[in-house]
Amino acid sequence: MIRITCPVCGTRAETEFTYGGDATVSRPGEEETSMQPWLDYVFNRDNPRGWHREYWHHVQGCRQWVILERNTLNHEVGACTLARDAVEAEE
Amino acid sequence: MKRLGSGGRIRRDRPITLSFDGQRLPAFEGDSLGSALLASGISLVGRSFKYHRPRGIYAAGVEEPNAMVHLRRGPRHEPNVRATSVEAFDGLSATSQNAWPGRRFDIGAINSLLSPVLSAGFYYKTFIGPFKNSTRFWMLCERAIRKAAGMGRASYEADPDSYEKRHAVCDVLVIGGGAAGLSAALAAGRAGADVILVEQEALLGGAILSEPAGGAADDWLEAITAELAELGNVRILARTTAIGAYDGGTYALIERVSDHLPKPEDHQVRQRYWQVQAKRAVLASGAFERPMVFGGNDKPGVMLAGAIRTYLNRYAVLTGERVVVFTNNNSAYEVAAEMAGAGAHVTLVDLRADVVPEVTGRATSAGVTLLLGHVVLEARGWGRVTSAVIAPAATRNAESAQKTLPCDLIATSAGWSPAVHLWSQLCGKPAFDEQAGCFVPASDPGHAMQAAGLVMAAGSVDDIVRQGFNRGAEAAREAGADAPAGLMPAPFEAGAFWQNGYDPTWAVVDARGKSRGKAFVDLQHDVKLSDIDQAHLEGYVSVEHLKRYTTLGMATDQGKLANLNALSRMAALARKPVPEVGTTTFRPPFTPVTIGALVGHEHGRHFRPTRLSPIHQWHVEQGARMTEAGAWMRPWYFPERNESLAGAYIREAAHVRAHVGMVDVSTLGKIAVQGPDAAEFLNRIYVNGWKTLQIGRLRYGIMLREDGFVLDDGATARLGEHDYFMTTTTANAAKVLAKAEYLLQTAWRDLRVHVTSVTDQWAAIALAGPKARDVLARVADVDVSAEALPPNHLTMVRIGEVEMRVHRMSYSGELAYELFIPAGFGRHVWESLHEAGQEHGLRPYGTEAMGALRIEKGHVAGAEIEGRTTLKDLSLEGFASSKKAFVGSVLRNRPVLADPHRPVLVGLEIEGKVGAKPGSLLFSSAAEPKGHGEGWVSSTTYSPALGKYIALALLQDGAARMGEVIKVVSFVDDLSLRAKVVSHHFYDPEGIRQNA
């Protein structure tokens, strides 16, 4: 039972969230018409050992998508940020 | 064996009676079922799993491998209960297991004769060949074997008790209420931490309870528990086992609230599952004694030395009067001395040749006969041990050196194994303590769980108390409580309990490495020393393989007494050090858990939440048969006069086409899409265009997944300039909303759009049939004529006092309207409409009829949109806009999805009087029905309009096969039909009726 500290709601049990997949991939823009970037986005994933960033959706809370740092080896969890904030930071 | 006249910790002022195999036995409150049986002189309590050998009580706690009984009768009957863990109560009834007709005479004992065939891994090697058709013969035998296999038998009656789950949060969780745990709880409690102390027994004290009553240990126990009770921040849960340690500081506890009572008191639960969130934990779980292994070591009357001490000092039961104590360490000397003091004749056989006089003196001064440098080769006897064959360790093979000592009890002690289970579940592989010859929690101050006491191989009371106290204080500090913990309580005097002077030899074998007769390592699964040797011979090198191949450690006791011996045997055979062989993985639960405790109240109707339409009660009152659609309850059909399902839905559907019907569609997913960029959002998410949709209009839409397959369909209406109302299928509502939120919060952050679920806010009714307009006009306050409300338009309508929206949208293919009503008025409007519609013959219909109607029209639904179909497959390619990008627009054109032979949507007219089963496979009429076929049936119904059975199906090259007759085959139902391939628009393909 991992505990996720939602930036909006505070520390909650993982059962309030749905796992949302790899947060290190970015969706191609709407104008992208080549097949490969879409194939990569939908199908290709790295399988990192250790710290990873992934999406979780706080479905039983604020319904915000968050990005959680999790260690795939020992299930330790790290920082949790709003997806909208994290994406902004990258731009 | 007998009950002593004084001593022990039983309540002699509270006598009780219990029964075992129909025999009534006297006992006292404070007895376990095990101690009660021993006090009554009962040795033989059951038969072993594989060989059906007579077995007796071996230990005094949860590690008991043999005394598995059926407990209670009737609906509370439980199999595989350890008699040593049962708190005896007046009227308790138990029976022996795994023996027929009875434990004293058991036909299953014939298995013992088959033992050469039943060796390790026998089921992998037997029942194969050797002749043609032998397998068939063995399969017949298997039926008989299955009947004989297993241990106890479960009840088929419903459990009359209730269970509950609770959550708790604390700073420090202390697991174990013995000396170390109590010291830890004291330190943490004094420091101001919120503490939960769990103890699996009803009484606190742990190993203290095995000390003679009324001594220094008891004084210590009383003082500490008194102080703990004074502290307001220490919660003590007795009769509670910590069964698992999980990530994130989560622990699972099982509290046996009412197990010690004939039945739960008024409204009380039987057991309670606790999920505890603890910042820190201190594991003080103690250690299990290891047995010596020699021939016949499983006979009733061979027991663990520490258990014998517990029976003596806690339960005042003398388990034998002519005792042989066999050991390789110092702790057994205390047992020998105390048994002699209680009147038994004791011989202590120590395989060590040299033992210090301080230790030997304790025994000899009590009258114990010492035989140093000797071993027990074999235990003899049948229903009970009658003698032990003893020889000097050095010359054991010489017949002349062997002597047979009559005895009725053999106490063995081969050392102690710390109960590292919970630590290991959480923190990984334990470390090997070379000196103590056992595994202990590895030292790492970074772990949230630390260990103290016997579980850390602490060899003195001083060490135990000190470790407990320090770990408790540290845990409190790390959890943020730093009031002073004060002084550590002084240790108390106790008899020798640790394995000082330990010699790692535990197996008694001859020069060839063989034991004299069957020597058991795992008693519960009947795994012998020779089985381990055989596994090694056959090349099994991993301890995990040894476990599975021999089944050692896989019984209900999970090898608590067997694992360390087994892996050290494996290490010796493989000539590896023990830590290199290592332990198998520890997994929860620590001791068996009843499923009821894990379920709590979430069973039957409470298994998951039920969602009800606002109109639900009306359907139920009308006698509708309801069906589950996910978490929703929906009306399936409205039977009249004992109609069957088929009778009802065919009538209902025909009635809609001939007159008018109403169906409750409140379960549809509804999403409010609002904001200046709402149209752009819809444009990106749907395959068709939305920029031209005007206010007051609605449009059918289809959306794809990112990988190009169809996700969902629905209708979206424009209510205002920036206000849209999207509907989805019932099943996909949550998925679509989550997808929308995901895109709007990540890739499409630039869009100014809000999406909100309004599924529960709106009731929805579909009114369909040629008379639908007449019915609506009767109650609506506005003009609903064809000109005023054309297809795909919506308008506000007032019925009585209620304002609602009416959308002209048809799912059935008839003239139809969807009414969206504020949920609170749902039933009221339904009833008003129903009443007003009587003059036009308005009748309710259910989901089965609704399905028949849409199949007749060729509308796709969940059975077609099941994740494997594309727009092209479903003949909906024309919907997709070529002028804009949308979710899935690029990947839907992947080469593999352009395969011209992909199955496409067709209709089937079934020949004959039987309908096709969904999932049936399609074959050309000339082809042999084998393999995956050329397609499958997705939806099926009887069509009242066509007067025959029809189906929607996906068929390879379907477009080119119109008119062809094919085979429709269900292998599961052994059904083969013929059908004609036709267009899936069976009924009114021009849409004349719905556009009226």
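In what follows, chains carry the letters A, B, and so on, assigned in the order in which the sequence lines appear, proteins first and then strands, with residues in each chain numbered from 1.
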When only pairs under 4.5 Å are counted, which of B:Phe886, B:Tyr246, B:Trp748 shares the most heavy-atom pairs with chain A? B:Trp748
Can you tell me if A:Gln64 uses its side chain to pair, donor with acceptor, with the backbone of B:Gln745 under 3.5 Å? no
Would a 4.5 Å heavy-atom cut-off, applied to side chains only, mark B:Leu891 and A:Met35 as touching? yes
Just wondering, more than 12 heavy atoms not from B:His754 lying within 6.0 Å of its NE2? no
Which atom names give the shortest non-hydrogen contact between B:Ala747 and A:Arg27, and what distance separates them? CB-CD, 3.8 Å
If you draw a 6.0 Å radius around CG in A:Asp46, do more than 12 non-hydrogen atoms from other residues or ligands fall strictly inside? no
Interface check, chain B: of A:Ile2, A:Val77, A:Leu39, most non-hydrogen pairs under 4.5 Å belong to A:Leu39
Atom CG of A:Asn47: over 12 foreign heavy atoms under 6.0 Å: no
Which value, rounded to the nearest 0.5 Å, describes the distance between B:Leu744 atom CG and A:Trp65 atom CH2? 11.5 Å
Considering residues, nucleotides and ligands other than B:Lys735, do more than 12 of their heavy atoms fall under 6.0 Å from its NZ? no
Quick check on B:Phe607: does its CZ atom have over 12 non-hydrogen neighbours (other residues, nucleotides or ligands) under 6.0 Å away? no
Supply the atom-to-atom distance B:Leu737 CG to A:His57 NE2, rounded to the nearest 0.5 angstrom. 7.0 Å
Under 4.5 Å from any heavy atom of chain A - which part of B:Arg894: both
For the student: nearest non-hydrogen atoms of B:Gly248 and A:Arg3, plus distance: O-CG, 4.0 Å
Gap separating the CH2 atom of A:Trp38 from the CZ atom of B:Arg892, nearest 0.5 angstrom: 13.0 Å
Give the minimum heavy-atom separation between B:Val890 and A:Ser34, together with the two atoms involved. CG1-O, 3.8 Å
